[in-house]
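A quick write-up on the structure given underneath.
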Amino acid sequence: MSSVRVRFAPSPTGFFHIGSARTALFNWLYARHTGGTFVLRIEDTDKERNSEQFLNVIYDSLRWLGLNWDEGPNIGGPFGPYRQSERAAVYSDYLEKLRLAGRTYEKDGAIWFKLIGERSEVFDEHRKKNVTKVKVAPTVIDDQIRGKVERLEDEDFVIFRSDGNPVFHFVNVVDDIAMQITHVIRGEDHLSNASKHVELFKAFGAPVPQFAHIPLILKQNGPGKMSKRDQGALIEEYQKRGYLPEALVNFLSLLGWNPGDDREKMPIAEIIRLFDLPGVNQSNARFDDKKLAHMNMAYLLDLPAERFVALAREYFIAHPASPTITHALAADSRYFHDVMVLSQPKIKGLEELPAYTAYFFTEEFATDEKVRGKVMGKGEPKARLSELSDALVRLDFASDLTIEDGIKNLAAEKGLGFGDYQSVARLALSGTNVGPSITGMMRVLGKDKVRARFDRFLATA
RNA sequence: GUCCCCAUCGUCUAGCCCGGUUAGGACACUACCCUUUCACGGUAAGAACCGGGGUUCGAAUCCCCGUGGGGACGCCA
């Protein structure tokens, strides 16, 4: 195990969104790439805004994505506890160190961090108030992605609120020191905070970790970074919609990073092998749900049939609302299996499955009137269906191929083509013109259902 | 307003560090092919170096200035 120690430090103040997931992913990838340690630390110092519910969302999402932590809540570790709400003793110890070093003072009931330098009062136009400026040299942030960034940190800032609770900048730095974090990988929105953090590290006499400020994810429409309220922002939404976590992880890893060549779809082991901080981009990336959907489809297509069927069943169980799903789950498991295997190469996402397979599980399926008009509008479809229905007795349902041969023979007898039977049979069987191959559809439905649907269609059409 | 970061097809990006490419790939879009519908797949097309200066024989690449985008400026994290 290498000496690299990274941490993901979310605050349970809202749902877990895509930007947080990507930050967690990059930390995790770096830890796995270097053989280091991935620490999960919960920054729940703001009691007003934290909730257990959100905490569980974080755990669930990380687990779903496969981002396992080596130290953190629930599993512990040598630097625990890993929830800041349980680390009050650590913070008072560190505050004492700072006090002893003469770097703190009290004002308005809060404790402030004192910068060293000549002081002067100036009026801040933007904040509309007087502030005390301290004459200091610019702080240098040595960033693995941005290079050396200089920022003037010239105002004292609060480290303990008047209610006695420490603030983010303080706990973040203290815990990074206490937990011996070597690399701080986080969103670029923290770059402006980094100067405060560097000054704190220096005040503690602690080594400053390597920083890596990664670009932000921008919302796909409109200005600004992606936030909780944006369409498609929440991880649990993808989980609910049946996206494959490995597809989402692959997609997310490519948002702001690339392996340096054209490869996109890569197994996670390969991503781990290739991931490194210098490969991370400097510019923000716009989220693109179409590309994610494409990635998801590619992963779905590659799934072994048994795994696909299992996931389909899981998805159906998780979405019990519709009657289609009730029927599907009530169906014979062999039949369910066959329907899903037939559908796997055709769909882009698991969420399409209920609608795509509905007519397999009920006789009450709707018929698309536009499609009916199209199919019934040319040739003599009723005659064809009637011929096919008559031929059913001698059709061998053993396999798609035997069905295909049977229909081809029939077509040859009549001097017609396969296509003359295909579209009307499909309409009678499914009520639409999209779906799996007609032969596969017939085989899975079975001869009895096929005959019944043909008869009913001929009687009503 | 101040400070910081960034800038290649509509989008994600390769190329930039170390100047010489028909500026490459993917998603999306379009056409065609495959085909038993719909997909998948295949082929093709369109599509970009933000602008202006400089340095240089030569700039997407190096420098400066604009402009644009993003972020930060809390007793939130």
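No hydrogens, no waters, no symmetry mates; every other heavy atom, side chains included, goes into these values. Letters A, B, ... are given to chains in the order of the sequence lines, protein chains preceding strands, and every chain is numbered from 1.
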Give every donor-acceptor pair under 3.5 Å between a side-chain atom in residues 418-427 of chain A and any protein atom, sequence neighbours left out.
from, atom 1, to, atom 2, distance (Å)
Asp420(A), OD2, Gly417(A), N, 2.8
Tyr421(A), OH, Glu387(A), OE1, 2.6
Gln422(A), OE1, Arg426(A), NE, 2.7
Gln422(A), OE1, Arg426(A), NH2, 3.1
Arg426(A), NH1, Pro436(A), O, 3.0
Arg426(A), NH2, Pro436(A), O, 3.0

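A close approach under 4.0 Å does not occur between any side-chain nitrogen or oxygen of Ser423(A) and OP1 or OP2 of U36(B). Remark: Gln422(A) is not in phosphate contact with U37(B), judged by side-chain N or O atoms under 4.0 Å from OP1 or OP2.
Residue Asp262(A) has its side chain nearest to G24(B) when only A77(B), G24(B), U13(B) are considered. The side chain of Arg161(A) lies closest to C75(B), out of C75(B), A7(B), U36(B).
Sorted by first then second residue, the ring-ring contact (aromatic ring centres under 6.0 Å, His included) pairs that include residues 127-165 of chain A, not counting sequence neighbours, are Phe113(A)-Phe157(A), Phe157(A)-His169(A), Phe160(A)-Phe170(A).
In this structure, C3(B) forms a base pair with G71(B), meeting either the Watson-Crick or the G-U wobble geometry with both donor-acceptor distances under 3.5 Å. Figure legend. C27(B) is base-paired to G10(B); pairs are counted as Watson-Crick or G-U wobble with both atom distances under 3.5 Å. Nucleotide A48(B) forms a pair with no other nucleotide shown, judged by Watson-Crick or G-U wobble geometry with both contacts under 3.5 Å.
With both ends at atom C1', the span from A48(B) to C3(B) equals 32 Å, rounded to whole Å. Comparing C16(B) with C62(B), their P atoms are spaced 9 Å from each other, to the whole Å. The same atom, P, is picked in C18(B) and in C27(B); the two are 34 Å apart, to the nearest Å. To the nearest whole angstrom, the two C1' atoms, one in G53(B) and one in G69(B), are 23 Å apart. Rounded to whole Å, the P atom of A26(B) lies 39 Å from the corresponding atom of C65(B). G58(B) and G20(B) are spaced 7 Å apart, taking the C1' atom of each and rounding to whole Å. When the P atom is used for both U35(B) and U61(B), the distance is 49 Å, rounded to whole Å. For the P atoms, the distance from U13(B) to G70(B) is 16 Å, rounded to whole Å.
Between His190(A) and Phe168(A), the ring center distance clears the sub-6.0 Å criterion.
Remark: Arg453(A) fails to qualify as a cation-pi partner of Phe457(A) under the 6.0 Å distance and 45° angle criteria applied to the six-membered ring. A cation-pi arrangement, defined by a distance under 6.0 Å to the six-membered ring centre and an angle within 45 degrees of its axis, is present between Lys265(A) and Tyr299(A).
Residue Lys346(A) places a side-chain atom within donor-acceptor reach of the base of U37(B), judged by atom type and a 3.5 Å distance cut-off alone.
Computed from coordinates, the Lys291(A) NZ to G25(B) P distance equals 13 Å when rounded to whole Å. As a whole-Å value, the separation of Asn281(A) CG from U8(B) C1' is 12 Å. Rounded to whole angstrom, the span from the CG atom of Leu255(A) across to the C1' atom of A26(B) amounts to 13 Å. The distance from atom CG of Asp400(A) to atom P of U36(B) is 14 Å, rounded to the nearest whole Å. What separates CZ of Arg41(A) from C1' of A77(B) is a distance of 12 Å, to the nearest Å. Between Asn296(A) atom CG and C27(B) atom C1' there is a gap of 14 Å when expressed in whole angstrom units. In this structure, CG of Leu55(A) is placed 15 Å from C1' of A77(B), rounded to the nearest angstrom. The distance from atom CG of Asp276(A) to atom C1' of C17(B) is 16 Å, rounded to the nearest whole Å.
Electrostatic pairing of Asp261(A) and Arg263(A) counts as a salt bridge here, judged by a charged N lying under 4.0 Å from a carboxylate O. Between Lys370(A) and Asp368(A) there is no salt bridge, since no side-chain nitrogen of the basic residue lies less than 4.0 Å from a carboxylate oxygen of the acidic one. Glu380(A) and Lys382(A) are not joined by a salt bridge, as no carboxylate oxygen comes within less than 4.0 angstrom of a charged side-chain nitrogen.
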What is the per-nucleotide protein-contact pattern of nucleotides 60-74 of chain B, from the 5' end, where B denotes a base atom under 4.0 Å from a protein heavy atom, S denotes such proximity for sugar-phosphate atoms only, and - denotes neither? ----------BBSBS

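Gly256(A) comes within 4.0 angstrom of sugar-phosphate atoms only, judged by non-hydrogen atoms across all strands, and of no base. Base engagement by Ser162(A) is indicated by at least one non-hydrogen atom pair under 4.0 Å involving a base atom. Contacts of Glu264(A) with the nucleic acid, taken as non-hydrogen atoms under 4.0 Å apart, include base atoms. Across all strands, Ser437(A) comes closer than 4.0 Å to base atoms (heavy-atom distances). Contact annotation for Gly419(A): no contact, since no heavy-atom pair falls under 4.0 Å across all strands.
Comparing Pro436(A) and Glu150(A) against RNA chain B, the residue whose closest nucleotide sits nearer the 5' end is Glu150(A). For the pair Pro166(A) and Leu152(A), nearest-nucleotide mapping onto RNA chain B gives the more 5' position to Leu152(A).
Residues passing the side chain to side chain contact (heavy atoms under 4.5 Å, CB included) test with Ser399(A) are Leu401(A), Thr402(A), sequence neighbours excluded. Evaluation of the side-chain hydrogen bond (donor to acceptor under 3.5 Å, both in side chains) rule for Asp176(A) yields Arg7(A), Arg41(A) as partners, not counting sequence neighbours. Residues forming a side-chain hydrogen bond (donor to acceptor under 3.5 Å, both in side chains) with Gln84(A) (at least two apart in sequence, or on another chain): Glu43(A), Asp175(A). Asp93(A) is linked by a side chain to side chain contact (heavy atoms under 4.5 Å, CB included) to nothing, counting only residues two or more places apart in sequence or in another chain. For Pro138(A), the side chain to side chain contact (heavy atoms under 4.5 Å, CB included) partners are Glu150(A), Leu152(A), not counting sequence neighbours. Contacts of Arg119(A) classified as side chain to side chain contact (heavy atoms under 4.5 Å, CB included), with partners at least two apart in sequence or in another chain: Lys114(A), Thr132(A), Val134(A), Asp156(A).
Residue Ile18(A) holds its CD1 atom at 4.0 Å from CZ of Phe287(A), rounded to the nearest 0.5 Å. To the nearest 0.5 Å, atom CZ of residue Phe16(A) and atom CG of residue Asn56(A) are 13.0 Å apart. Expressed to the nearest 0.5 Å, how far CZ of Phe38(A) lies from CD of Glu71(A) amounts to 11.5 Å.
Residues from residues 103-123 of chain A with heavy atoms under 4.0 angstrom of RNA chain B, sorted by number: Asp108(A), Ala110(A). Contacts with RNA chain B (heavy atom under 4.0 Å) in residues 438-445 of chain A: Ile438(A), Thr439(A), listed by number.
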Close N/O contacts between protein and nucleotides 40-48 of chain B (under 3.5 Å):
from, atom 1, to, atom 2, distance (Å)
C40(B), OP1, Lys348(A), NZ, 3.3

